Amino acid sequence: MTNMREPDWAYMARSLLKVVAISAALFLALSAVERVLWLFIDFDDERTAQVYGTAARVANPDKRLFYGYGDGGGLLETTYTLWGEPRRASPGEDETEYEIVENLFGTVRAPSLDGPSGSLDDAITFAEEDLGVDKEVTERARKTIDGLPQTLDAIAVVEFAHSMTTERLVAFNRRHTLCGGEDVSYVYAPSPYYDDSSGDPPLNAIVWNRNMTEEHIQLDHLPYQCETEPEAALAEFRRWVGLLDEEEDDLSEFELNYTWLTDAAKAGVVHGLVVDRWKLTELRKLLDDPEVRTVHLSDVAFDLDLDLGEIG
């Protein structure tokens with residue numbers, strides 16, 4: 001008898017059918033496993049939003065992270081997406097999505113939310129604890145601001161000469177008729193010096209705005225307080241830190257850790273302010289206050305609506 005060789009096309013078709021059959025079987029098996037896992041594992045979108053969504057905002061003051069939404073969880077991971085834009089002085093035009101992914105074992109990935117970058121990162125890094133009064137540094141900042149149009153909008157860090165307690169910060173606000181809100185964030189802990197030879201991981205500065213968690217709580221829990229806003233901000237910061245679980249919450253992706261946050265919440269002092277789209281003339285006035293060591297400008301831009309109005 002003569003052996004008949006199977007045609008190549010027939011062999012390929014049979015192999016393809018095997019692959020399809022195996023893939024279908026795996027899909028059905030994984031679907032069944034997922035249904036079983038949902039009986040035993042709590043994919044808590046709300047907690048993901050409260051813990052990791054807020055941690056991302058704390059660690060990334062260079063971004064305006066407006067709101068987030070979860071995907072309801074999956075077989076091996078759940079994704080929480082934050083919608084936001086880079087924090088610039090000019091009108092925002094680069095809105096994008098930033099993903100936070102938590103797997104079945106509690107490990108978190110957020111490659112675009114691991115900390116600030118650019119000029120605002122530099123400005124925050126300059127703000128250190130209790131550097132004291134330095135008239136030369138203050139005068140340099142004054143000359144820089146005086147050399148620019150005073151109607152410019154600015155992103156800046158107001159650095160205090162000494163750590164400010166809540167009481168002193170409230171008094172500071174009253175002197176300058178300042179109110180808190182979305183355009184004022186508090187530097188509760190500057191970024192510590194990173195020594196790569198020590199083996200300790202780097203840590204981000206802790207920058208807090210009371211609105212970071214407002215979407216997840218009843219609004220009447222945070223009545224607007226204007227000059228006394230630092231009191232509400234600190235209370236909300238401590239409330240959020242109280243939600244954290246040292247063993248379960250993985251904050252390393254945001255270059256934060258439980259001890260770093262709890263120590264800052266306990267101390268409750270502010271080393272500087274991150275201000276968003278303030279006029280240079282407003283920042284210039286603060287330099288006359290002995291509590292202010294300097295102002296670090298991160299970005300400036302013309303307010304086109306104001307400028308066009310003045311031209312008209």
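Remember, it's a predicted structure, so these values are computed and weren't measured experimentally. Only heavy atoms go into these numbers, but all of them, side chains included; no hydrogens, no water, no symmetry mates.
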Q | Side chains of Asp303 and Thr151 in contact at under 4.5 Å (non-hydrogen atoms) | A | no
**Q.** Rounded distance [0.5 Å steps], CG in Asp62 versus CD1 in Ile124
**A.** 7.5 Å
Q) Donor-acceptor pair, Trp208 side chain versus Ala233 backbone, under 3.5 Å? A) yes
Q. Are side-chain heavy atoms of Tyr98 and Trp83 found at a separation under 4.5 Å?
A. no
Q: First locate atom CD1 of Ile155, then atom OG of Ser298, and finally report the distance between them rounded to the nearest 0.5 Å.
A: 6.5 Å
Q | Any donor-acceptor N/O pair, Asp245 side chain to Glu248 backbone, under 3.5 Å | A | yes
Q: May I ask you to decide if Arg284's main-chain N or O and Gln150's side chain share a donor-acceptor pair within less than 3.5 Å?
A: no
(Q) Counting only heavy atoms not in Glu182 (residues, nucleotides, ligands), do more than 12 fall under 6.0 Å from its CD? (A) no
Q | Option from Asn257, Leu244, Val108 for which side-chain contact (heavy atoms from CB on, under 4.5 Å) with Leu251 holds | A | Leu244
Q) Between the main-chain N or O of Arg87 and the side-chain N or O of Asp276, is there a donor-acceptor pair closer than 3.5 Å? A) no
Q: Would you check if the side chain of Asn204 reaches a backbone N or O of Leu256 as a donor-acceptor pair within less than 3.5 Å?
A: no
Q.
Looking at Glu253 and Arg109, is any side-chain nitrogen of the basic one under 4.0 Å from a carboxylate oxygen of the acidic one?
A. no
Q | Under 3.5 Å: donor-acceptor pair, side chain of Tyr52, backbone of Asp250 | A | yes
Q) Are Arg64 and Glu85 close enough for a salt bridge, meaning some N to O gap below 4.0 Å? A) yes
Q.
For the OH atom of Tyr188 and the CG atom of Asp263, what is their distance to the nearest 0.5 Å?
A. 15.0 Å
Q) Is there a path of hydrophobic side-chain contacts, each under 4.5 Å between heavy atoms of I, L, V, M, F, W or Y residues, that connects Tyr186 with Leu261? A) yes
Q: Keeping the roles fixed (side chain from Arg293, backbone from Ala161), state whether a donor-acceptor pair exists under 3.5 Å.
A: no
Q) Going from CZ on Arg57 to CG on Asn211, what distance comes out if it is rounded to the nearest 0.5 angstrom? A) 9.5 Å
(Q) Ring centres under 6.0 Å, that's the criterion: do Phe172 and Phe160 meet it? (A) yes
Q: Using atom types as modelled and distance alone, determine if a side-chain donor or acceptor of Arg277 lies under 3.5 Å from a backbone N or O of Ser90.
A: yes
Q.
Keeping Asp299 on the side-chain end and Arg88 on the backbone end, is there a donor-acceptor pair under 3.5 Å?
A. no
(Q) If you define the side chain from C-beta out and look only at heavy atoms, does anything of Lys63 sit under 4.5 Å from Pro86? (A) no
Q. Salt bridge between Lys285 and Asp289, side-chain N to carboxylate O under 4.0 Å?
A. no
Q) Side-chain heavy atoms under 4.5 angstrom apart, residues restricted to Ile, Leu, Val, Met, Phe, Trp, Tyr: same cluster for Leu169 and Val269? A) no
Q: Please check if Leu152 and Leu286 belong to a single hydrophobic cluster, counting links between Ile, Leu, Val, Met, Phe, Trp and Tyr side chain heavy atoms closer than 4.5 Å.
A: yes
Q) Counting only N and O atoms by type, is there a donor-acceptor contact under 3.5 Å from the side chain of Arg210 to the main-chain atoms of Glu229? A) no
Q.
Between the side chains of Glu282 and Lys279, is the shortest nitrogen-to-carboxylate-oxygen separation below 4.0 Å, so that they form an ion pair?
A. no
